Q: 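Input: one structure, supplied below.
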Amino acid sequence: MQLLAMDTSTSVMSVAVGRWPAGAAARGEAPDQWQHTGAGAAQSSATLIPTLQRLLGEAGLGLAQLDAIVFGAGPGSFTGLRTACAVAQGLALGAGRPVLPVDTLLAVAEDWRSRQPELVPGSVAWALLDARMDEIYVAGWRWQPRDGMPAWELTQPVLLARPEDLLQVPGLKPEAICAGNVQPVYGERLPVTVQEGMPTADAMLRLAPALLLDGGAIDPALALPRYVRDKVAQTTAEREEAKLRAAGARHA
C-alpha cells in the first residue's frame, strides 16, 4: 500500500508519504514514511504542492502509483480545508486515484494516542480544536483497534462549544482524556485539561488502512470540506463582546 496524506486545517501544514510492504498495512505495521511539518494557514496554498512533490520524489513514487490520496477534511480553518481538499481532488482526478477524507478530530485523537503507553480498547478520548471566534470544535472517540490496525469509533459527533461550556457536551466530564491545540489558547477558561494533539498527516496514514477497509475512499469529484460552522466572520460588536468575555474570565 502506498499513500499520500496532507492536512492544512490548522496553522500547521503536515504532509506525509507512506509505503507499506505487501500485507503490512493489514497487520497494523508502520509504513516507511517521508514527512514534512511547516507553516500552514495562508502559506500552505503556496507551499503544499511543492512539498508533496518533493516527498513523493524522495519516496520514489509517482501519483499514479498511489492507492489513494488522504486529506484532512475538517473541521478546521475554512481556507486550509479548501486548500487540502482542492489539491487532493485535483491530483487524484489527474492520476485516476481515489481520495480518502479523514475527520481532523479523529486525527487529533490518533496523534495523541501515538505518544501514549498502550491504550486499553474501549478508552474514550475527546478531540478539541480551536475554532476561533471564541469557540472550540469537540468530538468524542472510542479506541477500538482491529487486527492490529489503529481504529476509533465515534461516540459524540462534533459540536461547537465555548471554552466555559465544554462540560455541557454530552458525556464530557472534568476527568476526561482530552487532546488538541486549545490549552495554550484558552488556558484557565477550560474546565478540562487538554493534552497536545494535532491532525497530523502521519496520524492519517496510521488511520488509513482501517478506513479504506471500511469503504472510506471516494471518487475525487465527490470530495468536500467539512466546515461544521456556516458563519465565517464576526461583526465588530461580536469581536468586542468575545474580548470582554475572555478578559472577564481571566480576572474572575
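Small disclaimer: the values here were computed from a predicted structure and weren't measured.
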Q: Please give me the minimum heavy-atom distance between Ala217 and Pro98, naming the atom from each residue.
A: CB-CB, 4.1 Å

Q: Under a 4.0 Å threshold between the charged nitrogen and the carboxylate oxygen, would Glu29 count as salt-bridged to Arg27?
A: yes

Q: Is it the case that the side chain of Ser77 and the backbone of Ser9 share a donor-acceptor pair, with hydrogens and angles ignored and the cut-off at 3.5 Å?
A: no

Q: Please name the pair of heavy atoms, one in Tyr137 and one in Tyr227, separated by the smallest distance, quoted to 0.1 Å.
A: OH-O, 3.6 Å

Q: Given Arg189 and Glu164, is the salt bridge (Lys or Arg N to Asp or Glu O under 4.0 Å) satisfied, shown in steps?
A: CA-CA 6 Å; Arg189 298 177 63 191; Glu164 295 86 356; 2.6 Å; yes

Q: Using every non-hydrogen atom in the two residues, find where Phe71 and Ala223 come nearest and quote the distance to one decimal.
A: CZ-CB, 4.0 Å

Q: Is there a path of hydrophobic side-chain contacts, each under 4.5 Å between heavy atoms of I, L, V, M, F, W or Y residues, that connects Leu224 with Val102?
A: no

Q: With rounding to the nearest 0.5 angstrom, report the CG to CG distance, Leu66 to Leu91.
A: 9.0 Å

Q: If hydrophobic clusters are built from ILVMFWY residues whose side chains come within less than 4.5 Å, do Ile218 and Leu211 share one?
A: no

Q: Would you say Ile136 and Leu190 make side-chain contact, with heavy atoms under 4.5 Å?
A: yes

Q: If a pair satisfies side-chain hydrogen bond (donor to acceptor under 3.5 Å, both in side chains) and one of its residues is in residues 138-149, list it, with sequence neighbours excluded.
A: Arg146-Asp214

Q: With side chains defined as the heavy atoms from C-beta onward, is the minimum distance between Leu205 and Gln33 less than 4.5 Å?
A: yes

Q: Answer with yes or no whether the hydrophobic clustering places Leu128 together with Trp152; edges join I, L, V, M, F, W, Y residues whose side-chain heavy atoms lie under 4.5 Å apart.
A: no

Q: Just by modelled atom types, is the Pro150 backbone N or O under 3.5 Å from a matching donor or acceptor in the Arg206 side chain?
A: no

Q: Where is the tightest heavy-atom contact between Ala73 and Pro101, given as atom of each residue plus distance?
A: CB-CB, 3.8 Å

Q: Dump the intermediate steps for side-chain contact (heavy atoms from CB on, under 4.5 Å) on Arg226 and Asp103, then the final yes or no.
A: CA-CA 8 Å; Arg226 186 184 185 196; Asp103 189 302; 2.8 Å; yes

Q: Can a donor-acceptor pair be found, under 3.5 Å and without considering hydrogens, that links the side chain of Arg229 to the backbone of Ala131?
A: yes

Q: Flag yes if Val87 and Leu55 sit in one hydrophobic cluster, no otherwise; membership is Ile, Leu, Val, Met, Phe, Trp, Tyr, and two members link when side-chain heavy atoms are under 4.5 Å apart.
A: yes

Q: Ala109 and Ala127: which non-hydrogen atoms are nearest, and at how many Å?
A: N-CB, 4.3 Å

Q: In sequence, state the C-alpha distance, the side-chain angles, and the governing distance for Trp126 and Val192, and then conclude on side-chain contact (heavy atoms from CB on, under 4.5 Å).
A: CA-CA 10 Å; Trp126 292 84; Val192 293; over 6 Å; no

Q: Please name the pair of heavy atoms, one in Val70 and one in Ala208, separated by the smallest distance, quoted to 0.1 Å.
A: CG2-CB, 4.5 Å

Q: If we only count heavy atoms from C-beta on, is the Leu63 to Arg97 side-chain gap below 4.5 Å?
A: no

Q: Does the side chain of Thr10 come within less than 4.5 Å of Pro199's, by heavy atoms?
A: yes

Q: Do the side chain of Gln89 and the main chain of Pro220 share a donor and acceptor less than 3.5 angstrom apart?
A: yes

Q: For Asp130, is there any backbone N or O sitting under 3.5 Å from a side-chain donor or acceptor partner on Asn181?
A: yes

Q: Spell out, yes or no, whether Leu172 and Tyr186 are grouped together once hydrophobic residues are joined by side-chain heavy atoms under 4.5 Å, including indirect joins.
A: yes

Q: Val182 versus Leu129: any side-chain heavy-atom pair under 4.5 Å?
A: no

Q: Please enumerate all residues that pass side-chain contact (heavy atoms from CB on, under 4.5 Å) together with Met1, with sequence neighbours excluded.
A: Leu3, Trp20, Ala25, Asp67, Pro209, Leu212

Q: Within the side chain of Thr8, is there an N or O that forms a donor-acceptor pair under 3.5 Å with the backbone of Gly40?
A: no

Q: Taking side chain as C-beta onward, heavy atoms only, is Pro75 less than 4.5 Å from Val158?
A: yes

Q: Atom CZ in Arg113, atom CG in Leu207: separation rounded to 0.5 Å?
A: 8.0 Å

Q: If we only count heavy atoms from C-beta on, is the Thr200 to Asp7 side-chain gap below 4.5 Å?
A: no

Q: For Asp202 and Met204, what are the C-alpha separation, side-chain angles and deciding distance, and is it a side-chain contact (heavy atoms from CB on, under 4.5 Å)?
A: CA-CA 5 Å; Asp202 61 306; Met204 293 179 184; over 6 Å; no

Q: May I ask you to check whether over 12 heavy atoms, not counting those of Arg82, lie within 6.0 Å of atom CZ?
A: yes

Q: Report, one line per pair, each donor and acceptor closer than 3.5 Å where one atom sits in a side chain of residues 115-125; sequence neighbours left out.
A:
{"unit_1": "Arg115", "atom_1": "NH1", "unit_2": "Asp111", "atom_2": "O", "d": "3.2"}
{"unit_1": "Arg115", "atom_1": "NH1", "unit_2": "Asp111", "atom_2": "OD1", "d": "3.1"}
{"unit_1": "Arg115", "atom_1": "NH1", "unit_2": "Asp111", "atom_2": "OD2", "d": "3.1"}
{"unit_1": "Arg115", "atom_1": "NH2", "unit_2": "Asp111", "atom_2": "OD2", "d": "3.4"}
{"unit_1": "Arg115", "atom_1": "NH2", "unit_2": "Glu196", "atom_2": "O", "d": "2.7"}
{"unit_1": "Gln116", "atom_1": "NE2", "unit_2": "Trp112", "atom_2": "O", "d": "3.0"}
{"unit_1": "Ser123", "atom_1": "OG", "unit_2": "Val120", "atom_2": "O", "d": "2.7"}

Q: Check whether any side-chain heavy atom of Val185 lies under 4.5 Å from a side-chain heavy atom of Pro163, and answer yes or no.
A: no

Q: Could you go through Ile69 and Met6, starting from their C-alpha distance and side-chain angles, then the distance that decides it, and tell me whether this counts as side-chain contact (heavy atoms from CB on, under 4.5 Å)?
A: CA-CA 8 Å; Ile69 297 176; Met6 66 191 81; 3.7 Å; yes

Q: Is a side-chain donor or acceptor of Ser14 paired with a backbone partner of Ala201 at a separation under 3.5 angstrom?
A: yes

